[in-house]
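Below is one structure, written out as structure tokens, with a few remarks after it.
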Amino acid sequence: MGSASPATATPTAGAPARRGLWLAVVVLTALNLRPFLSAIGPLTNDIIAATGLDLRGMAWLTLLPMLLMGLGALFGPALQQRLGARRVLLGALAVLAAGSAFRAWAPGGAALIATAAVCGLGVAFVQAVFPGVIKHQFPGQVAPVMGLYSAALMGGGALGALLTPLAAQDGAWRGALAWWALPVLAALLLAWRALPRTSQTNASPSGPSPTRWMLRRPRTWLLMLCFGLVNGGYASVVAWLAPFYQSHGWSAAASGSLVALLSVAQAAMALLLPLLAARQRDRRPWLWLSLALQAAGFAALVLWPDLAPRTWMLILGAGLGGSFALSMVVALDHLPDPAQAGALSALMQGGGFMLAAAAPWVMAALHGTSGSFATGWLAHLACIALVAVLTGRFAPRHYAKVMDAPAAS
């Protein structure tokens with residue numbers, strides 16, 4: 001596998017201006033990766049009234065983009081190898097901006113679902129390329145920069161849930177959704193400035209396919225499973241937390257603020273936990289802490305949904321955000337070569353998001369059977385227990401053995 005960088009020939013270490021520009025790219029890009037999802041939940045009742053979608057139809061607004069995020073991430077390393085990070089990132093951001101803008105003219109449910117698919121595809125390729133870029137640009141600071149990336153990603157989810165209902169007054173929900181194309185265009189311009197035109201590929205076309213040999217490693221599938229089960233919880237929360245509390249008498253704006261609060265906690269813990277975990281190579285104690293916080297939050301949704309809900313959402317958000325960021329760090333920890341580590345992260349996200357995509361639909365189906373969201377929250381508690389057991393296998397001393405990577409050329 002070639003050693004050319006995913007984005008540029010020289011990391012940003014020792015170049016303060018360049019480093020600052022790259023950090024701005026990381027933050028602004030990540031902020032745009034979740035509003036198109038988190039903006040939907042608070043507007044569920046308005047969208048159902050305008051389009052005729054039922055709960056299972058609404059689930060497709062999360063299911064389909066996450067499924068495409070997974071599929072796109074699987075093909076991301078090969079596409080980056082052929083086109084280079086600059087073309088992939090700029091093209092993906094353009095697709096995300098187009099999908100967001102088209103929501104202003106979505107006439108019905110099918111068209112709205114199609115825009116969600118377009119947005120999901122754009123996000124998929126950004127997420128496939130970015131971790132490897134970060135590992136190359138910040139080789140000695142992967143954990144804190146991935147924490148910053150994850151925090152900004154979750155912060156974008158908070159903004160989507162908080163601001164969109166405020167902009168959707170008098171039924172203007174289409175325009176409120178389409179407005180999110182503007183910050184995507186800002187990120188596109190900044191990335192266009194930061195990414196050099198000289199880098200076209202990040203690996204030799206004649207080198208071994210990272211996807212091929214990594215898919216033969218059981219560890220790759222284990223990372224996918226754990227990432228997917230945890231992010232299934234995030235997908236269900238984004239899709240159904242606001243409708244859940246609206247069924248308890250909350251307004252669209254109030255329930256959206258609850259999702260935003262959860263996302264703020266996600267962002268804070270996504271930034272904090274990697275910083276704490278950077279002090280030791282074994283990230284498992286921090287992963288177990290994040291899983292325990294998630295378990296407490298989901299249990300509260302089942303047992304005490306109306307008892308201090310904001311406190312419980314802070315706890316649940318902290319668990320979800322910390323687990324997401326640490327999962328990204330753990331994937332990158334497995335391989336020393338940035339291109340290989342980035343490819344492994346893309347595969348983890350690809351398979352994981354495909355698994356997570358089913359969670360909102362499963363919750364809608366369980367709601368249709370039981371008449372309650374509680375059964376879905378209980379299912380996520382079971383998933384957390386499984387991931388907690390599997391996390392025990394992420395011992396750093398075994399990384400080289402379980403991956404057995406081909407030597408980078």
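The model shown is predicted, which means the values in this text are computed figures rather than measured ones.
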Please confirm whether Phe244 and Trp377 have ring centers closer than 6.0 angstrom.
yes

Arg56 charged N/C atom sitting above Trp361 aromatic ring, 6.0 Å / 45°
yes

Would a 4.5 Å heavy-atom cut-off, applied to side chains only, mark Trp312 and Leu301 as touching?
no

With side chains defined as the heavy atoms from C-beta onward, is the minimum distance between Leu112 and Leu177 less than 4.5 Å?
yes

To the nearest 0.5 Å, what is the distance between OG1 on Thr29 and CD on Gln127?
11.5 Å

Gly99 and Cys119 have their tightest heavy-atom pair at C-SG, 3.5 Å

Closest non-hydrogen atoms of Pro42 and Gly256, given as atom of the first, atom of the second and distance, are CG-CA, 3.6 Å

Side chain of Asp337, backbone of Gln340: donor and acceptor closer than 3.5 Å?
yes

Between CE of Met348 and NE2 of His334, what distance do you get to the nearest 0.5 Å?
10.0 Å

Taking atom types as modelled, find out whether Ser345 and Gln349 have a side-chain donor-acceptor pair closer than 3.5 angstrom.
yes

Check for me whether the distance between the ring centres of Phe394 and Tyr399 falls short of 6.0 Å.
no

Looking at Phe373, I'd like to know if its CZ atom is crowded, meaning that more than 12 non-hydrogen atoms belonging to other residues, nucleotides or ligands lie closer than 6.0 Å.
yes

Scanning both residues in full, the closest heavy-atom pair of Leu37 with Leu61 reads CD2-O, 3.8 Å

Would you say Thr164 and Trp180 are linked by a side-chain donor-acceptor pair, where the criterion is simply a distance under 3.5 Å?
yes

Side chain of Thr220, backbone of Arg216: donor and acceptor closer than 3.5 Å?
no

Crowded around Trp288 CH2? As in, over 12 foreign heavy atoms under 6.0 Å?
yes

Would you say the side chains of His380 and Ser236 form a donor-acceptor pair under 3.5 Å?
yes

When you compare the side chain of Ser263 with that of Gln266, does any pair of heavy atoms fall below 4.5 Å?
yes

Looking at Leu28, is its backbone amide N or carbonyl O close enough to the side chain of Asn32 to form a donor-acceptor pair, meaning the two atoms are under 3.5 Å apart?
yes

Exam field: side chain Trp60 to backbone Ile113, donor-acceptor pair closer than 3.5 Å
no

Would you indicate whether the side-chain heavy atoms of Leu344 and Met403 approach each other to under 4.5 Å?
yes

For the student: nearest non-hydrogen atoms of Thr44 and Pro243, plus distance
OG1-CG, 3.5 Å

Contact check, side chains of Leu262 and Leu314, non-hydrogen atoms, under 4.5 Å:
no

Would you please indicate if the ring centroids of Phe130 and Tyr149 are separated by under 6.0 Å?
yes

Could you tell me the separation between the CG atom of Leu347 and the CZ atom of Arg217, rounded to the nearest 0.5 Å?
12.0 Å

Solution key, residues 384-391 side-chain donor-acceptor pairs under 3.5 Å, sequence neighbours excluded:
{"residue": "Thr391", "atom": "OG1", "partner": "Val387", "partner atom": "O", "Å": "2.7"}

CG (Leu316) and CG (Leu241) are apart, to the nearest 0.5 Å, by 7.5 Å

Residues passing the salt bridge (Lys or Arg N to Asp or Glu O under 4.0 Å) test with Asp282, sequence neighbours excluded, are Arg284

Any donor-acceptor N/O pair, Ser323 side chain to Gly319 backbone, under 3.5 Å
no

Quick one, Asp333 with Arg281, criterion salt bridge (charged side-chain N to carboxylate O under 4.0 Å, His left out). Give me CA distance, side-chain angles, the key distance, then yes/no.
CA-CA 8 Å; Asp333 283 346; Arg281 189 161 179 256; over 6 Å; no

Ser38 and Gly156 have their tightest heavy-atom pair at OG-O, 4.2 Å

Write down the atom of Ile315, the atom of Gly297, and the distance for their closest heavy-atom approach.
CG2-N, 4.4 Å

Given the options Leu89, Val88, Val95, Leu96, Phe125 meets side chain to side chain contact (heavy atoms under 4.5 Å, CB included) only with Val88

Expected output: side-chain Arg86 to main-chain Ala194 donor-acceptor under 3.5 Å
no

Please check this pair: side chain of Arg283 against backbone of Ala277, looking for a donor-acceptor N/O pair closer than 3.5 Å.
yes

Between atom NE2 of His248 and atom CG of Leu258, what is the distance when rounded to the nearest 0.5 Å?
11.5 Å

For Gly175, does its backbone N or O pair with a side-chain atom of Arg103 as donor and acceptor, under 3.5 Å?
no

So CG of Leu222 and CZ of Arg393: to nearest 0.5 Å the spacing works out to 5.5 Å

Keeping Tyr245 on the side-chain end and Pro305 on the backbone end, is there a donor-acceptor pair under 3.5 Å?
yes

